[in-house]
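Worksheet: the structure to be examined is printed underneath.
Only heavy atoms go into these numbers, but all of them, side chains included; no hydrogens, no water, no symmetry mates.
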Amino acid sequence: MQGRQYRRMNSRSRSPGASGALHQMLWITAYLSVTLAALFCTYVFPDMFHKLRSRAYSGTTVSRIMLSKENLGGKTHESLSWQQELAPLHRLRSTKLALHTEDEELGEKLWAPPDDKGFGHCVKPNTTQYLGPGPSRGYLMVSTNGGLNQMRAGICDMVAIARLINATLVIPELDQGSFWQDSSNFSDVFDMNYFIKALSNDVPVVKTLPPSVKTAPKVMKQFKSWSNMKYYEEEIGRLWHNYKVIKAAKSDSRLANNHLSPDIQKLRCRVHYDALRFAPHIEALGKVLVDRMRAAGPYIALHLRYEKDMLAFSGCTHGLTREESKELTTIREKTPHWKIKKINATEQRSKGFCPLTPNEVGVFLKSLGYPETTRVYVAAGEIYGGRERMSGLLRRFPHVMSKETIATADELAPFLNHSSQMAALDYIVSVGSDVFIPSFSGNMARAVEGHRRFLGHRKTILPDRKELVALFDQLDKGLLHEDKELAEMITKMHENRQGAPRKRKGPLKGTKGRDRLRSEEAFYTNPTPDCLCQQPDSFAEDVNYEQNFPPRETYRGMGQLQSGAAIQKKLS
């Protein structure tokens, strides 16, 4: 037995090379088998691997954002001019990282802004004709009305009006008695000192009415809506004969959108995009929020106007309970400055006059092609119905964020109970987003759209609510399905609704009088061609003006392009 063991040991000692080669061959074979198996699964089951990668990525995304909540204490943030960026927009490389896809065409489709056609700022006044402010004839006081962006537009108009009537503007009073009950003063929301300095070559501005004129004759005047230069220069200008102080009772929509002198239009832009900056503490936190959202790639800012005040004002009750509908009706009837009237909620929705529900927004984003890993910043107050009402959106896009989730409690503490300041934070993050989508065309949506146009026509997708509602109704009835077919229809429908350069739309055909002026596109929604010009300062023939063309979306089996309403009629 000892002899046999000796022979085995002697045999092993004589052939170590053969044993090593065998082990090496086994390791190589195993490695090749695992590699080939992985490659096979990747190509055969790509969707499964994409989801696994996406989940792993999304987890690190959230943790990265939450861990980057640096304090603002001890930090100074310089104010940014209207020509500067809060931070550079993401390019295709970061887009590919965020989407986990090698498909550059898909990345361009989802995130790239439209072609700006060479449009740039043209806001400087005519140096040969536009002089500094002339002798002041008196003081213009202003009581603003509405929410943040309604007040902002009104203040900008009042600066232009002060110029037209040769008035010294007294720092406007912010609306503190509206639905939002915000006690903020002008200096709490805006950089008052910069406002005065920036307008020194246009209009004299003082913080308060001087004591010498406090006992002077005053008049309260409600200026006519959408009035032209002649109205202010003549009718309002005549008031100086009897008064030293004119107080405007309201500020919103007091100046026409069109047919004003180029220098007055350019002044409105200089105020809106430069002079009327937010207060330093708002700009500082706003920049931090933008940086945190961009830390992991591109993001969508969603202005989800599904809040109690908007639903009460518009009378939109689709998907709400009977108790909720009754509550909203009561709010509308008890709010003095809202018209007390009977509203047909179904008719409102079918005409596109209602904000999209969170669930409808989820269907919309998914149909446009955005993956579930997309991070969505919700710019809004408290959503009516809370998290339960948000479930449809969260199911499709779990990475929904807000200022409350990406800022610390300490950072937000100074802003609480001040709706205008909270709205200003949402405004900054929305302007700085890679894609902006409003669920309703309210004051903020229009202001953000115009600001993004001014900053280089950043991608802004405007949902065609009337056409979408027709499709969503069929989806609810089971006549359409949330699939590729629906995605193709919705994508086609919005090809020309993404913020490309176009002229500001005029009044709707058939409207007359004040209704004609009311129907014009708001100046601050699209300051083109007054403040955005090509070189030379004219529109080229090839510009896509994005007019109200009939929506185009394909419905298989019909053999032609049809609108959502037409599809509804066919399927009903």
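Geometrically, R452 does not engage F436 in a cation-pi contact, judged by NZ or CZ lying under 6.0 Å from the ring centre and within 45° of the ring axis. Taking the centre and axis of the six-membered ring of Y194, the NZ or CZ atom of R277 falls inside the cone set by 45° and 6.0 Å. At least one test fails for R465 against the ring of F472: distance under 6.0 Å to the centre or angle within 45° of the axis.
The residues E449 and R453 are annotated as salt-bridged, a charged nitrogen and a carboxylate oxygen being separated by less than 4.0 angstrom. The pair E411-K403 does not count as a salt bridge, with every side-chain nitrogen at least 4.0 angstrom from each carboxylate oxygen. Taking the charged nitrogens against the carboxylate oxygens, D530 and R504 do have a contact shorter than 4.0 Å, which makes a salt bridge. Of the charged side-chain nitrogens involved, none lies within less than 4.0 Å of a carboxylate oxygen, so that K459 and D434 do not count as a salt-bridged pair. At a threshold of 4.0 Å, the pair E482-R396 counts as salt-bridged, since one of the basic side-chain nitrogens sits closer than that to a carboxylate oxygen. Salt-bridge annotation for E372 and R395: absent, with no side-chain N of the basic residue lying under 4.0 Å from a carboxylate O of the acidic one. Taking a cutoff of 4.0 Å between a charged side-chain nitrogen and a carboxylate oxygen, D473 and R349 qualify as a salt bridge. Classification of K250 and D252 as a salt-bridged pair fails, no side-chain N sitting under 4.0 Å from a carboxylate O. The pair E521-K503 does not meet the salt-bridge criterion, since no charged nitrogen lies less than 4.0 angstrom from a carboxylate oxygen.
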Please assess E173 against T144 for the test side-chain hydrogen bond (donor to acceptor under 3.5 Å, both in side chains), listing each intermediate value before the final yes or no. CA-CA 6 Å; E173 303 169 356; T144 61; over 6 Å; no

Between E307 and R305, does the salt bridge (Lys or Arg N to Asp or Glu O under 4.0 Å) criterion hold? Intermediate values first, please. CA-CA 6 Å; E307 300 148 317; R305 199 66 171 94; 2.3 Å; yes

Does the side-chain hydrogen bond (donor to acceptor under 3.5 Å, both in side chains) test come out yes or no for Y524 and D157, once each step is laid out? CA-CA 10 Å; Y524 301 107; D157 283 356; 2.7 Å; yes

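The shortest distance between side-chain heavy atoms of Y427 and V448 falls below 4.5 Å. By the 4.5 Å heavy-atom criterion applied to side chains, L365 and T374 are not counted as neighbours. Counting heavy atoms from C-beta on, the side chains of S251 and P172 never come closer than 4.5 Å. At least one side-chain heavy atom of L471 sits under 4.5 Å from a side-chain heavy atom of M493. Between F440 and L356 the shortest side-chain heavy-atom distance does not fall below 4.5 Å. Using a 4.5 Å cut-off on side-chain heavy atoms (C-beta onward), Y299 and Y377 make contact. Contact annotation: the side chain of T317 never approaches that of L311 to less than 4.5 Å [non-hydrogen atoms, C-beta and beyond]. Side-chain contact check for C156 versus L276: some heavy-atom pair is nearer than 4.5 Å.
Of the N and O atoms on the side chains of Y384 and E327, at least one donor lies less than 3.5 Å from an acceptor on the other residue. In summary, the side chains of Q176 and N185 do present a donor paired with an acceptor at a separation below 3.5 Å, with no hydrogens or angles considered. If you check the side chains of N526 and T528, you find a donor sitting under 3.5 Å from an acceptor. A side-chain N or O of Q421 and one of H281 form a donor-acceptor pair less than 3.5 Å apart.
For the two cysteine residues C531 and C269, the thiol sulfurs sit under 2.5 Å apart.
Ring centroid separation for the pair F523 and H272 does not come in under the 6.0 Å cut-off. The aromatic ring centres of F195 and F190 sit 6.0 Å or more apart.
Checked against side chain to side chain donor-acceptor pair (under 3.5 Å), S402 has the following partners two or more places apart in sequence or in another chain: E404.
E360 contributes a side-chain N or O that, together with a main-chain N or O of T357, makes up a donor-acceptor pair within less than 3.5 Å. A donor-acceptor pair is defined here as one N or O able to donate and one able to accept, closer than 3.5 Å; no such pair exists between the side chain of R152 and the backbone of A447. Between the side chain of D182 and the main chain of S419, a donor-acceptor pair closer than 3.5 Å is present.
Across all non-hydrogen atoms, the minimal contact from L304 to A380 is O-CB, 3.2 Å. Residues P358 and L393 come closest through the heavy atom pair O-CB, 3.4 Å. Pairing each heavy atom of N145 with each of D175, the nearest pair is CA-OD2, 3.3 Å.
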